[in-house]
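Because the structure is a prediction, the values reported are computed rather than measured.
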Amino acid sequence: IRRPPRSTLFPYTTLFRSLGFDYRRKSERLIHMGYSLNFLTKSFDMEVYAVHPGGGFNNNTHYNLGILSVNIYPELSFGKTLKFYLNAGPSIGFIVVSNKNGELYIQQMAHSPEHIVQSGSANADFTGLDLGIRGAVGLSYSISSRLSAYLETRYVVGVFDLGLDYIGDY
């Protein structure tokens with residue numbers, strides 16, 4: 001899936017639903033090096049229709065992915081209990097869970113239509129490695145010395161296509 005100028009994995013929009021868990025290093029300095037470890041889940045649908053003189057195909061597949069990413073960045077932050085922060089840096093992600101469900105219909109000239117049910121692992125549809133440059137802005141609220149709550153928006157520009165050629169470019 002081609003990403004620039006969109007987010008790394010998710011076509012058509014940079015605003016997507018996901019569930020994420022972060023581990024972050026805390027610091028009281030104005031500028032410091034930060035890192036985070038995230039686990040994100042993402043679901044999306046892919047519909048591809050193609051017609052050519054020899055026939056055509058229709059692919060309608062639903063994907064569920066789990067991505068573990070490591071981010072390293074310099075961070076600028078202001079405040080004590082309630083902090084505003086801004087950071088940017090490299091991101092590397094690994095698809096650790098992937099599955100798909102869907103149907104593929106293939107029509108070739110002089111043959112009856114072929115119907116294939118796609119179910120199971122989606123590892124063959126993706127490279128498994130996601131590299132990008134990440135930027136984020138947000139607020140954090142310090143609940144205790146070891147625990148904070150975050151509200152953050154991120155944008156990641158991908159370095160290469162995560163999906164293999166037959167997934168398509170977005």
Worksheet item: What's the shortest heavy-atom distance between N71 and S91, and which atoms?
Response: OD1-OG, 2.8 Å
Discussion item. Regarding E103 and Y105, do their side chains bring together a donor and an acceptor under 3.5 Å, going by distance alone?
Written reply: yes
Worksheet item: Do the non-hydrogen side-chain atoms of L139 and Y150 ever get within less than 4.5 Å of each other?
Response: no
Practice prompt. Supply the atom-to-atom distance S142 OG to L82 CG, rounded to the nearest 0.5 angstrom.
Written response: 10.0 Å
Worksheet item: Which atoms form the tightest heavy-atom contact between G132 and V156, and what is the distance?
Response: CA-CG1, 4.2 Å
Discussion item. Just to verify, what does N64 make a side-chain hydrogen bond (donor to acceptor under 3.5 Å, both in side chains) with, not counting sequence neighbours?
Written reply: S43, H62, N99
Discussion item. Restricting to side-chain contact (heavy atoms from CB on, under 4.5 Å), what partner residues turn up for S121, sequence neighbours left out?
Written reply: S98, N123
Fill in: Gap separating the OH atom of Y141 from the CG atom of L147, nearest 0.5 angstrom
11.0 Å
Practice prompt. State which residues pass side-chain hydrogen bond (donor to acceptor under 3.5 Å, both in side chains) with N58; sequence neighbours excluded, sorted by chain then number.
Written response: none
Fill in: Residues forming a side-chain contact (heavy atoms from CB on, under 4.5 Å) with L30, sequence neighbours excluded
L76, F78
Worksheet item: Once you round to the nearest 0.5 Å, how far does CD1 of I92 lie from CG of L129?
Response: 5.0 Å
Discussion item. Rounded to the nearest 0.5 Å, what separates atom CG in N38 from atom CZ in R154?
Written reply: 4.0 Å
Practice prompt. Is it possible for you to say whether L151 and V137 belong to one hydrophobic cluster, with membership spreading through side-chain heavy-atom contacts below 4.5 Å?
Written response: no
Worksheet entry | By side-chain contact (heavy atoms from CB on, under 4.5 Å) - contacts of T61 (at least two apart) | N59, Y63, K100, Q118
Worksheet item: In Å and rounded to the nearest 0.5 Å, what is the CZ to OG distance from R134 to S69?
Response: 7.5 Å
Practice prompt. Count the heavy atoms of every other residue, nucleotide or ligand shown that sit under 6.0 Å from CD1 of I72, and state whether that count exceeds 12.
Written response: no
Practice prompt. State which residues pass ring pair (Phe, Tyr, Trp, His ring centres under 6.0 Å) with F84; sequence neighbours excluded, sorted by chain then number.
Written response: none
Worksheet entry | Non-neighbouring partners of V97 that pass side-chain contact (heavy atoms from CB on, under 4.5 Å), sequence neighbours left out | none
Response to the item:
Sequence neighbours excluded, the answer for side-chain hydrogen bond (donor to acceptor under 3.5 Å, both in side chains) partners of T81 is none
Response to the item:
dist S77:OG -> N87:CG (nearest 0.5 Å) comes out at 9.5 Å
Worksheet item: I95 versus D130: any side-chain heavy-atom pair under 4.5 Å?
Response: no
